[in-house]
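Whatever order the structure lists them in is the order used to number ligands and atoms, beginning at 1.
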Amino acid sequence: MKQWSLVFDNKFVQDLPVDPIIENYPRQVRGACFSWVTPQQVSMPSLLAYSKEAAELIDLSESHCQTSYFTEVFSGNTQLDGMQPYASSYGGHQFGNWAGQLGDGRAINLGEVCNQKGQRWAVQLKGAGPTPYSRTADGLAVLRSSLREFLCSEAMYHLGIQTTRALSLITTGEQVMRDVMYSGDPQLEPGAVVCRLAPSFTRFGHIQYYAQQNEALLKQFVDHTLRVDFPHLSDPSPSVYLQLFEEVCLTSCTMVVNWMRVGFVHGVMNTDNMSILGLTIDYGPYGWLEAFDINWTPNTTDKDYKRYAYGEQGKITHWNLYQLANALYPLIKDAKPLEKLLDDYADNYASQWLLMMMEKLGCSSVITGSDSDLIQQLVDFFKLHETDMTIFFRRLADLPLDQETFDVAAAVKQLTPAFYPESFEGEAEALLISWLNNYAKRCRADVLMPVERKELMNRVNPKFVLRNYLAQQAIEQSEKGDQHLLNELLDVLKKPYDEQPGKEHFNQKRPEWAKHKVGCSMLSCSS
Ligand code: AMP
Ligand code: MG
């Protein structure tokens, strides 16, 4: 078997206290940040896909990825020299309630690779077997959810949005029992392991869990976080902890504004699913907006309260930051500056969101008094008539808006492929026409020239996103042993802002069959 090695420097396990128990059984772990665990052996690992770009982060070439050794290592069957597998403890608020200990229940960290550029990449397997944090669950993952995590992580990266990365998608050869919609009808599904990479996998919930225990453990963990994740913030002190919080507020804000821009709905924004680095983390029952609907959530568990719906994500980030501020408070002991930073987050989110929406419309960064109204009028139209967000904004960039050539009827026609159904009249049509006239006027008054407008719009409005039904089709093919669509999507989603002639079929509205199909518009946490 062709072999190779990686350079590890495992700061997490070097710096932080370990659980003294080494047997692997579910338990409460107090006073420690991690437990040693070993990935479960699997019978028939098979590599379905890998990300060439993610592999480069840890100095692996495509020829490394194509070795059977790669599949053995990233399925968890073989360990490289320097790997020290462990699961970390963390807690979190789930759907607004403190849930106590959660932890890496089905994630096993292998170590931290130092690449040739001197960057640190933590390497983690998801679905490699139980840990002390697995509670009553099995620590495993199925192909359906692993494929969704693999593809979406890489799609997010190529959209230019902060995210954990996905190196590989490997089926294990084992069967895993899951009840997809919690309907009392469990089925066996193919098991899989995804290897994820991130500078670190630290969550708000880590800091919360240690704050719940004692100040010394909290300080030890936060000081470690400063050294590893925020090396520019040295010499821990109350003001440095405040700076840390300020940075988390800023990066979280950027992340969520970007989600809003591309129509991504995370689905489970519990505090244990919030990264301290502002990375999109834990791709579970996420979804992409088809129709622009601020109340839409793909997560059936949340269908009554819609706590994590598209339009709530900015506010929920604020709520989560509030919980992080509470956890950091013992190190700062002054509520005022924390409250100020939380208020700043709210202001910053509102202004960043407005700027982002105006960019989607192709307007420069100089906001005018009526811009909020222009956006509101468009949202009102979207409420009246179901409209595909991605197709709408992409087509909008093609409209000629100058006085001489602007023809509102032609503009409506040009936008037609974005509508479900395509023809409509009455109040919705009148509102669209009125909005288009206002919009054309606003663009003419803008400093951007028409070519600049189009160029800006095509930079912020992707043509290709991981439409819910496309992911589902890739899953169905993969489950039958055909990886063609999975790899084609991986490829198309590398250039989401490019026209990519010949790939238009990946930029089509949701077909009728997908409207109410499980896996397309309805997802659960069962993965
Ligand atoms: P999530 O909602 O996926 O972010 O997970 C919440 C918690 O449940 C985390 O502590 C996970 O590690 C744990 N968890 C989720 N699925 C499993 C599983 N299949 N086995 C063990 N733990 C799990
Ligand atoms: Mg999670």
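A salt bridge is absent between D15 and K11: the closest approach of a Lys/Arg side-chain nitrogen to an acidic carboxylate oxygen does not fall below 4.0 angstrom.
Between H206 and Y210, the two ring planes are tilted [angle within 30° to 60°]. The aromatic rings of F74 and F70 lie tilted to each other, with the angle between the two planes from 30° to 60°. Ring geometry for F221 versus H224: interplanar angle of 30 to 60°, hence tilted. The aromatic rings of H266 and W259 sit parallel, their planes meeting at an angle under 30°, below the 60° perpendicular limit. Aromatic ring pairs are classed by plane angle as parallel below 30°, tilted from 30° to 60° and perpendicular above 60°; the pair F12 and Y86 is parallel.
The cationic atom of R148 (NZ for Lys, CZ for Arg) does not lie both less than 6.0 Å from the six-membered ring centre of Y283 and within 45° of the ring axis.
In this structure, R203 and T271 approach most closely via the heavy-atom pair CB-O, 4.4 Å.
With waters left out, the protein N, O or S atoms under 2.8 Å from the Mg ion (ligand 2) add up to 2.
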Protein N/O near ligand 1 N/O, under 3.5 Å, which pairs?
residue  : atom   : partner : partner atom : Å
ligand 1 : 4 (O)  : N273    : OD1          : 3.0
ligand 1 : 4 (O)  : N273    : ND2          : 3.2
ligand 1 : 8 (O)  : R135    : NH2          : 2.7
ligand 1 : 10 (O) : G103    : O            : 2.7
ligand 1 : 12 (O) : G103    : O            : 3.1
ligand 1 : 12 (O) : G105    : N            : 2.8
ligand 1 : 16 (N) : R106    : NE           : 3.3
ligand 1 : 19 (N) : D138    : OD1          : 3.2
ligand 1 : 19 (N) : L140    : O            : 3.3
ligand 1 : 19 (N) : R178    : NH2          : 3.4
ligand 1 : 20 (N) : G139    : N            : 2.8

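Checking each of L466, I161, L289 against V262 for a side chain to side chain contact (heavy atoms under 4.5 Å, CB included) leaves exactly one that passes, namely I161.
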